[in-house]
S.K.: 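Sharing a structure here in structure tokens format.
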Protein chains: 4
Amino acid sequence: MQREIKKIGILTAGGDCPGLNPVIRSVVRTAILKYGLEVVGFNHGYKGLYHNDVTELTLDSVSGILPIGGTMLYSSNKDNLFDYTVEENGKMVQKDVSDVGVENMKKNGIDAMVIIGGDGTLTSGRDFARKGVKVVGVPKTIDNDLSCTDYTFGFDTAVSVACEAADRLHSTALSHSRIMVLEVMGRYAGWIALAAGISGGADAILIPEIPYDIQKVADSLKERASRGKNFAVVVVAEGAKSVSGELHVSKVIEGSPDPIRLGGIGNKIAEELESLVGLEARSTILGHIQRGGSPTAHDRILSTRYGAAAVELLMQGKFGMMVTLKGDDMGYASLEDVIGKNKAVDPSGELVSIAKGIGISFGD
Amino acid sequence: MQREIKKIGILTAGGDCPGLNPVIRSVVRTAILKYGLEVVGFNHGYKGLYHNDVTELTLDSVSGILPIGGTMLYSSNKDNLFDYTVEENGKMVQKDVSDVGVENMKKNGIDAMVIIGGDGTLTSGRDFARKGVKVVGVPKTIDNDLSCTDYTFGFDTAVSVACEAADRLHSTALSHSRIMVLEVMGRYAGWIALAAGISGGADAILIPEIPYDIQKVADSLKERASRGKNFAVVVVAEGAKSVSGELHVSKVIEGSPDPIRLGGIGNKIAEELESLVGLEARSTILGHIQRGGSPTAHDRILSTRYGAAAVELLMQGKFGMMVTLKGDDMGYASLEDVIGKNKAVDPSGELVSIAKGIGISFGD
Amino acid sequence: MQREIKKIGILTAGGDCPGLNPVIRSVVRTAILKYGLEVVGFNHGYKGLYHNDVTELTLDSVSGILPIGGTMLYSSNKDNLFDYTVEENGKMVQKDVSDVGVENMKKNGIDAMVIIGGDGTLTSGRDFARKGVKVVGVPKTIDNDLSCTDYTFGFDTAVSVACEAADRLHSTALSHSRIMVLEVMGRYAGWIALAAGISGGADAILIPEIPYDIQKVADSLKERASRGKNFAVVVVAEGAKSVSGELHVSKVIEGSPDPIRLGGIGNKIAEELESLVGLEARSTILGHIQRGGSPTAHDRILSTRYGAAAVELLMQGKFGMMVTLKGDDMGYASLEDVIGKNKAVDPSGELVSIAKGIGISFGD
Amino acid sequence: MQREIKKIGILTAGGDCPGLNPVIRSVVRTAILKYGLEVVGFNHGYKGLYHNDVTELTLDSVSGILPIGGTMLYSSNKDNLFDYTVEENGKMVQKDVSDVGVENMKKNGIDAMVIIGGDGTLTSGRDFARKGVKVVGVPKTIDNDLSCTDYTFGFDTAVSVACEAADRLHSTALSHSRIMVLEVMGRYAGWIALAAGISGGADAILIPEIPYDIQKVADSLKERASRGKNFAVVVVAEGAKSVSGELHVSKVIEGSPDPIRLGGIGNKIAEELESLVGLEARSTILGHIQRGGSPTAHDRILSTRYGAAAVELLMQGKFGMMVTLKGDDMGYASLEDVIGKNKAVDPSGELVSIAKGIGISFGD
């Protein structure tokens with residue numbers, strides 16, 4: 001056991017994700033109750049680490065946050081202390097200010113950090129580990145596309161919200177003989193679309209991993225209509241691509257680190273299907289309601305496990321690691337191995353295969 | 001009591017609305033169990049009346065439909081037998097085919113009709129009443145903007161879905177210091193926006209009845225930020241208008257009976273507020289998930305009351321009437337008086353006044 | 001306008017009820033933002049008034065409490081300062097200590113009080129009013145049985161929880177050919193049972209206002225079985241009485257101010273129906289989950305209206321009054337008129353009549 | 001591939017469990033769409049197999065059942081064709097009538113059976129397999145205590161219902177300084193209690209696998225109260241045992257195959273804790289609402305996987321097997337190995353250890 005660890009810091013960064021508060025609660029309670037540690041949180045992610053914006057975390061601070069969405073430590077997007085925007089001589093310049101972060105950890109007497117975030121956040125985590133900081137990462141993404149771990153918290157809640165939306169669209173589809181298109185999150189991976197589609201009874205699911213031919217989707221819906229089912233629900237990931245390789249981009253934002261803004265493909269799919277199938281089609285873009293709000297029971301348990309396992313890793317001296325879930329077991333992987341990879345849906349894996357077996361079209 | 005009524009017909013027309021099935025169930029059960037009537041349903045609204053597409057409705061047919069969204073009789077939009085599109089000599093022409101409808105009622109031995117729908121559907125209902133058909137109307141609109149009745153079924157469910165969405169957006173707004181804009185239904189009236197805004201803890205609510213000055217909305221959010229609350233949730237009705245009288249129209253559809261398609265104003269509001277307030281803003285357009293799915297307990301009771309009251313009206317010989325809810329009492333109003341009016345939110349009424357009193361900005 | 005009112009106090013007492021936090025929030029925000037008042041809360045109901053346990057209430061204190069169940073001011077049951085248990089010379093005696101309460105109001109500079117509670121709590125409210133305290137009462141009961149007001153907040157949430165439970169029991173009833181009995185709250189009035197029964201598709205509803213003959217209930221279920229429906233859902237209020245006048249009392253607690261503990265009648269009904277109908281029967285006692293947790297959108301709006309109206313009453317100098325809802329309008333009634341009455345379900349009113357019309361048995 | 005399989009039968013038996021309909025749907029759709037098989041269902045479990053009560057299952061029959069609780073094939077408890085109650089010469093006798101079942105399979109041209117149920121149901125499944133019937137079993141239990149598989153469908157829904165109940169009880173506990181005890185299902189295993197307790201923020205969890213000392217539970221709640229938290233939520237499995245080995249039995253039913261009826265331990269625990277801790281305590285017995293109703297998205301996916309995997313097993317000729325989930329992979333195990341075992345919570349496993357680490361008492 002790491003006897004030299006007496007005080008740990010936590011921060012959350014990146015997009016909102018149901019389960020952040022349960023992770024924080026679990027880290028804090030395990031650290032205090034099991035190991036007698038002190039805990040502080042940096043507010044607003046790396047920005048707070050830079051500005052030394054800290055909060056002491058006690059049993060009381062985390063009381064009641066288990067069912068609450070968001071993160072009590074706030075978050076911020078795109079703040080990278082290794083390439084940070086600071087003002088110098090009246091100009092905004094990009095600079096490596098990670099030393100300020102390390103210094104702030106020291107100022108607060110922090111022996112080790114739990115960093116909760118997605119690929120970008122964990123890249124900085126790895127970079128701090130390379131600088132000698134004792135870091136343990138906790139994977140966060142509602143998209144479930146981080147490598148080395150089977151499931152991430154927040155995913156079940158996102159799927160649950162999307163599935164309920166699909167249920168609601170079903171009644172309209174059926175009553176009005178319509179095609180209802182539901183666009184869900186997933187720029188690079190189709191996990192949410194796949195799970196929401198299977199649980200929501202979709203007739204077609206379009207995901208980035210399986211380029212779709214809209215004519216084939218239309219054909220499957222026409223075949224369905226010929227069996228008397230002249231309505232359908234189609235679930236589309238925002239990053240779904242047609243076979244021509246074309247991505248639907250609703251807007252290009254100049255100078256953005258993420259140069260294009262996806263989303264809106266649902267509208268395009270609805271228009272195309274209306275014309276090809278000959279049924280009225282409507283689309284709904286689910287958007288941010290997938291990311292916020294109270295986590296499901298499932299996600300609360302998973303978050304609690306991730307948080308506790310992060311503290312265990314620290315106490316076992318396994319630094320530079322990320323907590324993982326493999327099968328039903330908690331494990332870990334090196335941050336070096338996790339970063340920059342995308343865990344894609346396997347087009348010939350079990351889930352897609354089952355979905356095809358029950359008649360869901362992927363447009364391929 | 002109307003002893004001459006032995007058999008009644010039902011149809012549902014217009015957009016989807018949670019509670020349609022409970023209304024049908026209540027009409028059928030009351031008619032059969034209380035009055036020993038026979039009941040048939042026309043499928044797909046007026047289209048089914050034209051094509052004589054009928055279903056016998058028994059206790060068994062309506063078993064289990066109470067919690068189910070949509071309408072077991074299907075619906076259709078914009079089909080008006082008094083101005084119907086038919087083919088004649090290879091050409092599509094508009095014609096009054098209402099006599100075919102009346103004849104089909106006779107063919108099925110129907111003595112009176114329960115017609116469930118919104119303003120358009122009930123206009124035809126009134127027109128059939130003028131032709132001597134014994135009609136009772138049941139008001140249907142999730143927008144709650146039909147005149148002569150305080151609340152319509154489906155409204156509570158729509159508000160409940162929108163409120164849950166606002167809850168989810170709150171956690172993201174708070175964690176990320178963002179303005180989250182939620183666009184809800186309401187082209188001509190702001191009832192859903194008002195109720196979802198109050199129940200969802202909105203900081204600003206924009207509705208058609210109160211033209212907004214975006215600068216005033218921004219000022220109220222800046223004042224809020226100056227008190228340390230640098231996040232906000234804004235609920236916008238799709239038909240909200242700025243003080244300049246401008247309506248946001250996302251798309252003009254040529255030749256459509258509804259010449260413009262509203263919606264998308266949420267995106268515009270988000271962009272304007274981001275620039276005026278200086279906080280990141282995101283928008284979510286809730287769309288069709290407000291209209292579908294299982295009705296709330298409240299709506300199931302209200303629907304059951306509307307359905308039962310419709311049969312009572314028929315049995316009391318009050319034809320050409322629409323069932324109404326005034327306060328907590330069921331009543332009725334003449335279809336002649338209901339049609340073509342819009343029940344708007346009163347800008348100086350109690351609800352708006354309460355909302356303003358707790359600090360919600362309407363941008364006025 | 002009451003210019004002499006500068007500071008108000010609030011307390012909540014009695015059983016838990018969804019909507020208490022929204023009422024507090026609405027009172028605080030309206031008082032501060034609309035009228036520039038100061039607000040303090042007494043914790044733990046009258047107990048806190050006695051012990052001068054106060055909290056300053058600001059916009060910040062009530063931030064985020066809208067969707068949260070319970071009351072941020074805590075509550076206590078059965079504490080009546082006009083007949084309070086205190087220690088004197090080593091003995092517990094009952095005493096009128098209301099002067100201590102009045103003194104504590106003065107100590108805190110409180111000009112008027114908003115008292116939120118049920119019949120017992122409001123009786124003390126009236127008694128304080130008689131002593132000259134400027135009191136406005138807000139009615140609180142999930143049972144909806146307070147007189148002079150149509151609906152109380154918390155009721156819609158309780159019905160919604162009970163309706164969802166009935167939905168869940170339906171699937172088991174149908175799959176297993178069983179009678180599922182659901183016992184809900186309602187000692188003296190059957191409002192929850194009636195509303196949950198109608199919205200949850202019950203086949204029989206037993207309420208205190210309509211003494212039931214179990215044989216008649218059984219007969220109606222047998223008739224149903226003869227039509228092929230050999231399953232049923234029965235909703236029972238805990239205070240339901242059989243025609244023999246007998247109340248089911250699960251437990252007598254000596255010396256309790258409420259000498260008998262009701263509840264458990266569901267088990268009795270299930271046993272009797274199993275034997276009389278010849279189908280397996282099971283019972284579920286819903287209990288406290290009806291009283292806790294996040295309020296529905298409907299209840300949040302109603303609570304917000306009640307809270308705002310309470311402040312308006314104070315500012316209009318209407319003391320000794322309780323806020324009421326009549327139809328869709330906020331109003332008020334004298335606390336003198338409200339106390340000690342029970343608003344019962346009318347056995348020949350519209351709701352019962354509609355329920356009977358759709359075939360629901362009340363065992364009468 | 002098993003070319004000789006052209007037609008399969010399905011039956012569901014035992015207690016209700018959310019996810020049964022999705023399993024049936026998945027079996028039917030996979031069988032028809034992927035393998036071109038015919039499918040029939042026996043109604044009411046083994047009783048229907050005995051009485052040859054069959055339904056043809058088509059794509060249409062399973063349309064719309066995905067979100068619906070219960071089983072469209074109905075179920076029955078305790079009907080075992082190898083020891084069946086039949087009338088002979090006016091007397092009820094126990095007899096092996098399994099040959100009638102085999103004959104009815106033949107009559108319907110059934111080549112193989114998918115049997116969905118718990119330990120009892122699958123025991124008969126194994127016995128039919130021993131008689132040469134081509135059987136594949138699908139494990140069904142909300143209790144999650146079947147051996148050889150990590151998770152069973154229905155469990156996530158049960159946990160989700162129990163977690164929501166715990167959330168609701170929390171608000172009452174906190175507002176009233178009470179101990180709220182929630183009794184959940186789990187006669188022989190504490191899976192639901194453990195998961196509901198962790199996700200619902202319980203302060204103590206009592207399960208059959210860890211005999212509890214009520215004094216130790218009380219001590220942990222007193223320690224909590226000494227930190228200012230004078231309220232608690234305690235989750236208890238119905239089969240929880242005290243260290244004295246004593247089981248709480250609410251009722252002994254003579255001659256029942258399950259001679260004692262558990263349940264009601266929540267009341268006992270509440271009484272004991274009220275007296276030992278000195279805080280008011282109340283209990284809620286969740287009961288059947290854990291077993292019924294719409295399955296969660298998670299359970300719909302898991303059910304769909306189980307159903308599809310069952311058909312795959314049949315087509316691969318793996319008879320006498322049960323479908324399993326190990327980690328995130330579908331697999332199978334011999335029915336011979338599954339039967340009569342109980343998968344208990346490991347008192348020193350990861351979940352219990354995490355729960356203890358965050359301060360949850362198990363009374364040991």
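Just so it is clear: chains get the letters A, B, ... in the order the sequence lines come, proteins before strands, and each one is counted from 1.
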S.K.: Between A:Gly64 and A:Ile68, which heavy-atom pair has the shortest distance, and what is it?
M.R.: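 Here A:Gly64 and A:Ile68 meet closest at O-CG1, 3.4 Å.
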
S.K.: For B:Tyr74, look at atom OH and say whether over 12 heavy atoms of other residues, nucleotides or ligands are found less than 6.0 Å away.
M.R.: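 No, the 6.0 Å shell around OH holds no more than 12 heavy atoms from other groups.
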
S.K.: Please classify the contact between A:His170 and chain B as side chain, backbone, both or neither, with a heavy-atom cut-off of under 4.5 Å.
M.R.: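 Neither part.
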
S.K.: Of all the residues in residues 9-17 of chain A, which have a heavy atom that comes within less than 4.5 Å of a heavy atom in chain B?
M.R.: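 Within residues 9-17 of chain A, the residues under 4.5 Å from chain B are A:Gly14, A:Gly15, A:Asp16.
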
S.K.: Of all heavy-atom pairs between B:Glu238 and B:Ile265, which one has the smallest distance, and what is that distance?
M.R.: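 Answer, listing the atom of B:Glu238 first, then B:Ile265: O-CG2, 3.8 Å.
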
S.K.: Could you tell me which of B:Ser294, B:Gly292, B:Gly70 has the largest number of non-hydrogen atom pairs under 4.5 Å with chain A?
M.R.: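 With the most close heavy-atom pairs to chain A, the winner is B:Gly292.
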
S.K.: Given that the side chain runs from C-beta out, which part of B:Thr71 has a heavy atom under 4.5 Å from chain A: side chain, backbone, both or neither?
M.R.: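 Looking at B:Thr71, backbone and side chain both touch chain A.
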
S.K.: Just to verify, what does A:Lys47 make a salt bridge (charged side-chain N to carboxylate O under 4.0 Å, His left out) with, not counting sequence neighbours?
M.R.: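 A:Lys47 satisfies salt bridge (charged side-chain N to carboxylate O under 4.0 Å, His left out) with no residue once adjacent residues are dropped.
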
S.K.: Non-hydrogen atoms of chain B under 4.5 Å away: do they reach the side chain of A:Met72, the backbone, both or neither?
M.R.: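 Contact with chain B: none, neither part.
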
S.K.: Could you list all the side-chain hydrogen bond (donor to acceptor under 3.5 Å, both in side chains) pairs where at least one residue sits in residues 224-236 of chain A, not counting sequence neighbours?
M.R.: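 Qualifying pairs: A:Asp203-A:Arg224, A:Glu223-A:Arg227, A:Lys229-D:Ser63.
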
S.K.: Would you mind checking which part of A:Ser75 comes under 4.5 Å of any heavy atom in chain B, side chain (CB onward), backbone (N, CA, C, O), both or neither?
M.R.: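 Both the backbone and the side chain of A:Ser75 come within 4.5 Å of chain B.
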
S.K.: Just give me the residue among A:His44, A:His176, A:Glu280, A:Met180 that pairs up with chain B most often, heavy atom to heavy atom, under 4.5 Å.
M.R.: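 Maximum pair count with chain B is reached by A:His176.
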
S.K.: For B:Val159 and B:His298, run side-chain contact (heavy atoms from CB on, under 4.5 Å): C-alpha distance rounded to whole Å, both residues' side-chain angles, the deciding distance at 0.1 Å, then the answer.
M.R.: CA-CA 12 Å; B:Val159 170; B:His298 182 96; over 6 Å; no

S.K.: Might you point out which heavy atoms bring B:Gly293 and A:Ser171 nearest each other, and give the distance in Å?
M.R.: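 Between these two residues, the closest heavy atoms are N-OG, 2.9 Å.
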
S.K.: Quick one: what part of A:Leu286 sits under 4.5 Å from any heavy atom of chain B, side chain, backbone, both or neither?
M.R.: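 Both backbone and side chain.
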
S.K.: Between B:Leu182, B:Asp167, B:Leu169, which shows the greatest number of heavy-atom pairs under 4.5 Å with chain A?
M.R.: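 The residue among B:Leu182, B:Asp167, B:Leu169 with the greatest pair count is B:Leu169.
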
S.K.: For B:Arg168, what residues pass the salt bridge (charged side-chain N to carboxylate O under 4.0 Å, His left out) criterion, not counting sequence neighbours?
M.R.: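 Counting only residues at least two positions away or on another chain, B:Arg168 forms a salt bridge (charged side-chain N to carboxylate O under 4.0 Å, His left out) with B:Glu164.
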
S.K.: Assess whether atom CZ of B:Phe231 is packed by more than 12 heavy atoms of other residues, nucleotides or ligands within 6.0 Å.
M.R.: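 Above 12, so yes.
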
S.K.: Output the distance between atom OG1 (A:Thr121) and atom CD1 (A:Ile116), rounded to the nearest 0.5 Å.
M.R.: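 With rounding to 0.5 Å, OG1 (A:Thr121) is 10.0 Å from CD1 (A:Ile116).
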
